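As the structure is a prediction and not an experimental result, all values here were calculated from the model. No hydrogens, no waters, no symmetry mates; every other heavy atom, side chains included, goes into these values.
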Amino acid sequence: MARRVGGGYVEGFVLAAGRLRRHAWCVRADGAVLDPMWPRGESAQAYLGVPMAVWFVEAFQQRTLTKTRFAGLLDARVQAERDAGRIYRAGVPSAALLDLGAEVPRTPGS
């Protein structure tokens with residue numbers, strides 16, 4: 001989906017019904033959330049995550065053989081069993097990070 005809309009893939013958290021949940025979703029270049037996996041009838045109050053380029057996610061899936069039943073790049077089990085903790089140690093490469101959406105205000109009310 002991210003490739004079709006020219007956006008990115010995001011892993012992080014969603015706030016819904018007062019609870020944080022680990023989740024992944026797609027975004028358009030303007031930061032609009034595209035989340036076909038979110039349950040119908042539930043509304044998400046906020047999304048916060050790490051937006052990544054599609055090419056990086058696909059390369060990760062190929063390197064770690066996780067293309068089917070993909071639990072995510074930041075998943076602890078995937079990192080431990082498939083990626084030797086590379087992302088936990090070195091982070092997502094800066095070239096793979098996307099600058100999407102609106103800037104978060106630095107102080108309340110600004």
Considering all heavy atoms of both residues, which atom of [X] and which atom of [Y] are nearest to each other, and what is their separation?
X   : Y   : value
S43 : A16 : O-CB, 3.6 Å
G7  : V54 : O-CG2, 4.0 Å
A29 : G6  : CB-O, 3.9 Å

Atom [atom1] in [X], atom [atom2] in [Y]: separation rounded to 0.5 Å?
X   : Y   : atom1 : atom2 : value
L15 : H23 : CG    : NE2   : 12.5 Å
M52 : L97 : CE    : CG    : 8.0 Å
Q61 : R82 : CD    : CZ    : 11.5 Å

With clusters defined by side-chain heavy atoms of hydrophobic residues (ILVMFWY) lying less than 4.5 Å apart, directly or transitively, does L74 cluster with Y9? yes

Is the shortest side-chain heavy-atom distance between [X] and [Y] below 4.5 Å?
X   : Y   : result
D83 : R63 : yes
V78 : L73 : no
R22 : D75 : yes

Quick one: does E11's side chain have a donor or acceptor within less than 3.5 Å of a partner on V50's backbone? no

Can you pull the ring pair (Phe, Tyr, Trp, His ring centres under 6.0 Å) pairs that have at least one residue in residues 39-64, sequence neighbours excluded? W25-Y47

Is R28 paired with D30 through a side-chain N to carboxylate O contact shorter than 4.0 Å? yes

Other hydrophobic cluster members with V5, side-chain heavy atoms of Ile/Leu/Val/Met/Phe/Trp/Tyr under 4.5 Å, chained? M1, L34

Listed once per pair and sorted, the salt bridge (charged side-chain N to carboxylate O under 4.0 Å, His left out) pairs that draw on residues 31-50, sequence neighbours left out: R21-E42

